[in-house]
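All residue numbers refer to positions in the sequence shown, counting from 1.
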Amino acid sequence: MRGTPRTRRIPRPALGVLIGVTALFTAGTLATPAGAAPEPGPSPARVHSVPASAQQQARDFWTPERMRSAVPLDLLDADARSADAAPRAGRPATVAPTAPTAGTADVGPAAFPNGGGAWTGGGAVVNTAGRVFFTYQGRTASCSGNAVTSANKSTVITAGHCVKLEDAWHTDWVFVPGYHDGQAPHGRWTATKTLSTPQWTASEDINYDVGAAVVAPLDGQRLTDVVGGQGLAFNTGYNLRMYAFGFPAAAPYDGQKFIYCSGTTNRDFLLSNDHGMGCDMTGGSSGGPWFTQFDEATGTGLQSSVNSFKYNFLPNRMYGPYFGADAQNLYQAAQSS
């Protein structure tokens, strides 16, 4: 249709994905994970439970060879997906990071803004962020994700399409923090539950493309006791300085390197109410974290969005959902599971 911005349609035999992102933050009230009350929502987060037998199967399934060969989800067709209403607002709230910061004092400043380069700064983010692997339509696939401060010490935040797409929950879902070159230095953490917002689950509304997973203990330990957890921020506005991270696996990237972008975001004026920022990360980075108040020296910040989608006529600009009341409800549902 002439005059209508279009993006690439998901090729069913080849996989589709989002990659976008955004951010928000300003000063807000501190909300501790156990005590932060979510804004009341029209309906609760949607939850998919994973049987214990399937959890073990997923852990065994993801060998280094399968992780290296997993296909990144590619660009979603943004204007084929509904964006029915702006994200519901709520009170600004933040959750403090619990990531370890020792040994990062010698980290030098990174470029700002940056359109997509290897993160060489170290810090907590190299442990809390990781690749997400799952089976989608019978194929091995990958996204990105991030461990966050939570009451259960087992919560991962990612994109909605990285847990559920085209009316089906993904299977064999694992999170590999600190991934590099097919290796899992902190282990493969299998999901006991995957969750998404009711709007994404019902109609794949791109304004609500937020997902989460609760992962099982590994070797008797819980996730953030091993890798730490980043903070979060909700209902904190637009036009903010942000850092985005992920493991893009579509050309020119190969999924083996940890990539970042940085810059000042703005609000999408086309088909969504998402944030946008200059960034050339590709498929596979979907679900990777975006931070406000990011400290380069320690690698900690407040997660305020996830990589979500791109328009095909803006290949160097990414978009991601505003973390409003429904994203906060999702986080609360995950951390209390």
Subject >> Set of side chain to side chain contact (heavy atoms under 4.5 Å, CB included) partners for D225, sequence neighbours left out >> reply: K153, R222
Do the side chains of [Y] and [X] get nearer than 4.5 Å, heavy atoms only?
| X | Y | result |
| --- | --- | --- |
| F323 | V306 | yes |
| Y179 | P177 | no |
| T236 | T292 | no |
| W173 | V156 | yes |
| F234 | L232 | yes |

**OP:** Validate the cation-pi geometry between R241 and F112: distance from NZ or CZ to the six-membered ring centre under 6.0 Å, angle to the ring axis within 45°.
**Re:** yes
Original post:
Aromatic ring centroids of F61 and F133 under 6.0 Å?
Top reply: no
Subject >> F309 and Y311 aromatic centres sub-6.0 Å >> reply: yes
Original post:
Relative to each other, are the rings of Y243 and F294 parallel, tilted or perpendicular (30° and 60° limits)?
Top reply: tilted
Original post:
When clusters are formed by joining ILVMFWY residues with side-chain heavy atoms under 4.5 Å apart, either directly or through shared neighbours, do V214 and V50 land in the same one?
Top reply: no
Original post:
Cut-off 3.5 Å, side chains only: do Q137 and E166 have a donor facing an acceptor?
Top reply: yes
Original post:
Under the salt bridge (Lys or Arg N to Asp or Glu O under 4.0 Å) test, which residues partner K164, sequence neighbours left out?
Top reply: none
